Amino acid sequence: MAITVSDIEQKEFAYKGAGYDPYDVDQYLDQICDEMVEMQERIDRLEAELAKARREAELAANAAQPVQPEVVEKPAEPVVAQTSQTLESILFNAQKLADGAVEDAKRKAADIVQVAQEEADAILQKAGDEKTELETAMAEIRDSATGFRDKFVAMLDEQKGFINSKATLFNSEADD
């Protein structure tokens, strides 16, 4: 049962002798205390949510433009109702900022992925070009090595023929 200010003002205690019935007074004060504890817990919870929303709003402010809440003049309301509406408004705006920050982060992530993909494609293209150049250079080196080997073998054959033609010279000297 929620206790209002008018409930407290209109509460009547039974008289017993020269004063109020202590049991009635204690029971009513217990109800007031219970209601105050619940309200304090709610205030603490809302303040924690507000602190969290403020932290998220600070993070989101770096990634998105803040949305300015509309200021609407309303007639004076009880403090609890005004606080509740203010907290709800703050939470709503913080959620909008957070949603905007998430969308902005997704866009930035997509841009980063696209740039990285383009860089990777460029690196692959450059590596392919270098591979082609290296293969061409290797083919030229193989051709040069084959030409050198062929010339070297031809020179050796020529020297072998020369040595073989002069072998008789060596043999005749050995016979003397």
Side-chain angles (χ1 to χ4, degrees), residues 1-139 141:
M1 165 181 135
I3 297 174
T4 65
V5 174
S6 79
D7 288 339
I8 296 170
E9 290 174 349
Q10 295 175 2
K11 178 65 179 171
E12 297 284 329
F13 295 99
Y15 286 100
K16 285 199 175 178
Y20 296 108
D21 180 14
Y23 178 77
D24 285 345
V25 173
D26 287 342
Q27 187 179 11
Y28 193 70
L29 290 175
D30 287 344
Q31 288 176 339
I32 291 172
C33 288
D34 291 343
E35 185 68 25
M36 290 180 72
V37 166
E38 287 177 21
M39 289 177 72
Q40 187 60 47
E41 287 173 354
R42 182 169 187 231
I43 288 170
D44 292 343
R45 184 175 31 85
L46 290 173
E47 285 177 346
E49 290 176 9
L50 176 61
K52 180 181 176 186
R54 283 184 177 155
R55 285 190 303 271
E56 290 174 357
E58 286 178 12
L59 293 174
N62 294 332
Q65 295 295 328
V67 176
Q68 296 296 326
E70 293 183 26
V71 178
V72 178
E73 294 288 326
K74 292 184 178 181
E77 296 181 19
V79 174
V80 172
Q82 286 178 343
T83 302
S84 176
Q85 288 177 349
T86 302
L87 290 174
E88 288 175 10
S89 174
I90 289 170
L91 289 173
F92 177 75
N93 288 334
Q95 184 63 46
K96 284 172 57 176
L97 284 172
D99 291 344
V102 167
E103 288 301 317
D104 190 49
K106 286 180 181 177
R107 279 193 301 275
K108 286 182 179 179
D111 291 345
I112 289 169
V113 167
Q114 181 180 359
V115 168
Q117 185 63 47
E118 290 170 358
E119 288 176 1
D121 291 344
I123 290 169
L124 287 174
Q125 180 64 40
K126 183 177 177 182
D129 293 346
E130 287 178 10
K131 178 184 174 197
T132 303
E133 289 175 14
L134 289 173
E135 287 173 344
T136 302
M138 280 299 292
I141 290 171

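Just so it is clear, the values below take in all heavy atoms, side chains as well, and ignore hydrogens, waters and symmetry mates. What you are looking at is a predicted structure, and each value in this text was computed from that prediction instead of being measured. Nothing fancy with the numbering, it's 1 onward along the sequence.
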Look up atom [atom1] in [X] and atom [atom2] in [Y], then write down how far apart they are to the nearest 0.5 Å.
{"X": "L50", "Y": "R54", "atom1": "CG", "atom2": "CZ", "answer": "4.0 Å"}
{"X": "E88", "Y": "E49", "atom1": "CD", "atom2": "CD", "answer": "10.0 Å"}
{"X": "E35", "Y": "D30", "atom1": "CD", "atom2": "CG", "answer": "13.0 Å"}
{"X": "I32", "Y": "M39", "atom1": "CD1", "atom2": "CE", "answer": "12.0 Å"}
{"X": "Q117", "Y": "E119", "atom1": "CD", "atom2": "CD", "answer": "10.5 Å"}
{"X": "K131", "Y": "T136", "atom1": "NZ", "atom2": "OG1", "answer": "11.5 Å"}

Do the side-chain N and O atoms of D121 and Q125 include a donor-acceptor pair separated by under 3.5 angstrom? no
In the structure I gave you, are the side-chain heavy atoms of F92 and Q95 within less than 4.5 Å of one another anywhere? no
With side chains defined as the heavy atoms from C-beta onward, is the minimum distance between D44 and Q40 less than 4.5 Å? yes
Please determine whether a side-chain nitrogen of the Lys or Arg among D111 and R107 lies less than 4.0 Å from a carboxylate oxygen of the Asp or Glu. no
